[in-house]
Amino acid sequence: MFKRLSLPDAPAQKTVIVYFDGRQVTAKDGDTIAAALLSAGVEVCRTTPVSGSPRGPYCMMGVCFECLVEVDNIPNVQGCQVLVKEGMQIRSQNGARRLG
Amino acid sequence: MTTHDLVILGSGPAGMAAAATAVAHGITAVVVDEQPAPGGQIYRSIESTPLKERRILGDDYWHGKELVDGLDDPRIDYRPGTTLWQLTRQLEVGLLQGEKASMVRARHVILAHGAMERPFPIPGWTLPGVMTAGSGQILLKSVGLVPSAPVVLAGCGPLLLLLAVQYLRAGIPIAALLDTTPAGQYRDALPLLPSALRNVRTLLKGVGLLAELRRAGVRHVRNVTALEAEGENRLKRVRWQCGNDPEWHCLTTPLLLLHQGVVPNTQVTRALDCAHDWDERQLAWQPRTDAWLATDVEGVAVAGDAGGIVGARASAMQGRLAGLGAAIALGRVSEDETREEVKRLRRDLAREAAIRPFLDVLYRPAAHWRLPEDDTLVCRCEEVTAGEIRRMAEQGCRGPNQTKSFTRCGMGPCQGRMCGLTVSELLADANGQSVAETGYYRLRPPFKPITLGQLATAAEDASE
Ligand SMILES: Cc1cc2nc3c(=O)[nH]c(=O)nc-3n(C[C@H](O)[C@@H](O)[C@H](O)COP(=O)(O)OP(=O)(O)OC[C@H]3O[C@@H](n4cnc5c(N)ncnc54)[C@H](O)[C@@H]3O)c2cc1C
Ligand code: FES
């Protein structure tokens with residue numbers, strides 16, 4: 001549902017490889033986790049604890065918490081607020097734990 | 001625990017202007033922002049955006065450069081990627097930077113954490129493929145990510161039109177702009193036009209956006225009165241009705257971007273238990289502030305859209321005012337010495353804000369966009385429908401804290417950010433009482449997820 005604009009005058013961005021549920025995702029330096037997933041065609045990053053319905057990033061600004069993922073074994077990370085790092089292991093949160 | 005003279009939350013126009021003003025009065029300000037780079041919402045990624053062609057994002061965006069450059073001042077301790085997860089009435093500030101949680105103490109705090117988009121609960125708004133216009137703009141500005149197929153934009157307000165135009169300039173096709181501005185509101189807003197003319201720059205800009213859309217031949221569907229997102233497990237189609245016409249229209253699209261204005265993000269001021277008022281014109285809660293933007297909590301001021309929607313330029317002016325307030329409170333300057341500057345600032349603010357009543361009336365979301373039908377989800381996290389909230393009202397629930405304990409509505413990860421306004425308005429409507437009487441969720445920190453391990457390190461700071 002998203003693609004990268006091809007911009008002739010944009011500075012070349014370094015490629016960063018991350019993993020989503022074990023699958024390799026090619027991101028760009030400066031991408032948030034959520035942006036990287038969206039650009040790779042990943043639309044669902046969690047399912048809800050109540051009905052198990054699929055959810056993806058909604059606000060991209062840290063208020064909806066729909067982008068929660070597990071990053072390098074830390075749960076409940078807001079994917080839209082954290083930048084990708086080489087080798088990051090990102091996992092979808094299914095029936096995500098409650099925050100408290 | 002380290003003590004700082006001034007902690008500013010947010011590096012948007014309000015926070016950056018507050019910091020620059022404080023520094024000019026010899027105050028070292030700590031500026032925290034969870035974003036990786038400065039600029040806030042309007043100037044997001046101004047230093048790193050891949051969209052170097054200035055025309056696409058427009059002059060108002062690039063206007064932020066001066067403020068952002070100001071953050072380089074060595075006397076400003078700017079901390080990007082840092083989330084505020086706690087703030088107490090004793091001005092203890094809990095920060096989270098990457099994996100590291102810490103506590104510091106402040107003598108004065110300026111909250112400039114901005115606005116968020118008003119919830120837009122329509123059938124299907126939780127489907128992947130339905131996002132907000134703000135999210136589309138964030139992806140555009142920060143990494144140049146754009147819809148890969150013709151996109152449907154729906155709702156109302158300046159930001160929606162701005163995004164449409166920014167997409168057009170970037171060569172992105174728009175399948176349709178479904179405008180939910182009620183037809184009668186152009187007439188209602190007209191009497192407010194003369195005073196709005198005091199801020200003619202903003203007014204002309206809005207007119208210019210509409211003209212640009214028209215020239216480009218964008219399908220602009222007006223007076224949309226019903227809207228649904230459909231699909232199984234992801235968005236497939238958008239359906240809508242116009243006026244009183246019973247006919248449904250339909251478009252197939254992988255992406256629907258919704259927007260119906262912005263409202264102050266009151267998460268922090270609520271958790272701090274500041275007094276709040278319901279603003280009937282902006283249909284939103286605002287922390288109560290005085291002429292210096294001080295809240296009723298000693299040492300805490302609110303500047304910018306976090307305190308009531310004023311727009312980016314006025315947010316910066318409020319930031320300056322709050323910065324001067326901090327300098328006075330910290331004894332760096334007397335109120336007398338600032339008199340002339342404050343007079344000028346207040347005059348500029350009044351002129352800038354003159355357009356707000358006009359915009360608020362023109363783009364006021366109609367009741368049915370705020371009070372959805374029974375089947376529509378209002379709480380995205382715990383999946384509670386409008387009907388369940390209405391049933392709770394029938395059973396005697398007067399306020400959102402009661403519906404919260406019965407239905408978990410507002411108890412999920414977003415802590416009510418996505419449902420709070422809707423639930424207060426639904427309960428007010430069902431109980432025949434005002435929104436002010438109905439009230440809002442009682443909130444407690446942490447505002448953001450924090451692990452027990454992180455909490456433990458912060459506790460060590462606090463005990464030192
Ligand atoms: C998504 C979105 C896009 C917008 N785009 C435009 C636009 O293009 N043009 C325009 O004129 N207006 C835009 N606006 C309106 C916006 O409110 C501006 O008027 C302006 O950015 C407000 O400035 P501010 O300084 O009050 O807050 P903001 O610019 O919103 O800055 C607040 C900052 O505080 C940070 N913050 C918030 N909570 C925390 C926390 N707990 N911990 C750490 N940091 C935190 C945020 O990351 C943000 O950077 C937009 C609003 C939204 C919600
Ligand atoms: S997408 Fe909304 S919090 Fe990340």
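Here the structure is a predicted model, which is why all the values come from computation and not from measurement. No hydrogens, no waters, no symmetry mates; every other heavy atom, side chains included, goes into these values. Numbers restart at 1 for each chain; the letters A, B, ... are given by sequence-line order, proteins then strands.
Residues of residues 51-63 of chain A that come closer than 4.5 Å to chain B, counting heavy atoms only, are A:Ser51, A:Ser53, A:Pro54, A:Arg55, A:Gly56, A:Pro57, A:Tyr58, A:Cys59, A:Met60, A:Met61, A:Gly62, A:Val63, ordered by residue number. Residues from residues 13-37 of chain A that place a non-hydrogen atom less than 4.5 Å from a non-hydrogen atom of chain B comprise A:Gly30, A:Asp31, A:Ala35, given in numerical order.
Taking A:Lys3, A:Glu43, A:Gln81 one by one and counting their heavy-atom pairs under 4.5 Å with chain B, the maximum is reached by A:Lys3. Counting heavy-atom pairs under 4.5 Å between each of B:Met418, B:Lys52, B:Arg44 and chain A puts B:Met418 at the top.
Residues A:Phe65 and B:Arg417 form a side-chain contact, since some pair of their non-hydrogen atoms from C-beta on lies under 4.5 Å apart. With contacts defined as side-chain heavy-atom distances shorter than 4.5 Å, the pair A:Asp72/B:Glu99 does not qualify.
The 12-atom threshold is not exceeded at NZ of A:Lys85, counting heavy atoms of other residues, nucleotides or ligands nearer than 6.0 Å.
Considering every non-hydrogen atom in both A:Val50 and B:Cys381, the closest pair reads CG2-O, 4.3 Å. Taking every heavy atom of both residues into account, A:Phe2 and B:Ser148 meet most closely at N-OG, 3.5 Å. Considering every non-hydrogen atom in both B:Cys414 and A:Cys64, the closest pair reads CB-O, 3.6 Å.
Using modelled atom types and a 3.5 Å distance limit, the side chains of A:Gln78 and B:Lys448 yield a donor-acceptor pair.
With A:Leu5 as the fixed residue, the side chain to side chain contact (heavy atoms under 4.5 Å, CB included) test singles out one of B:Val143, B:Leu145, B:Val146: B:Val146.
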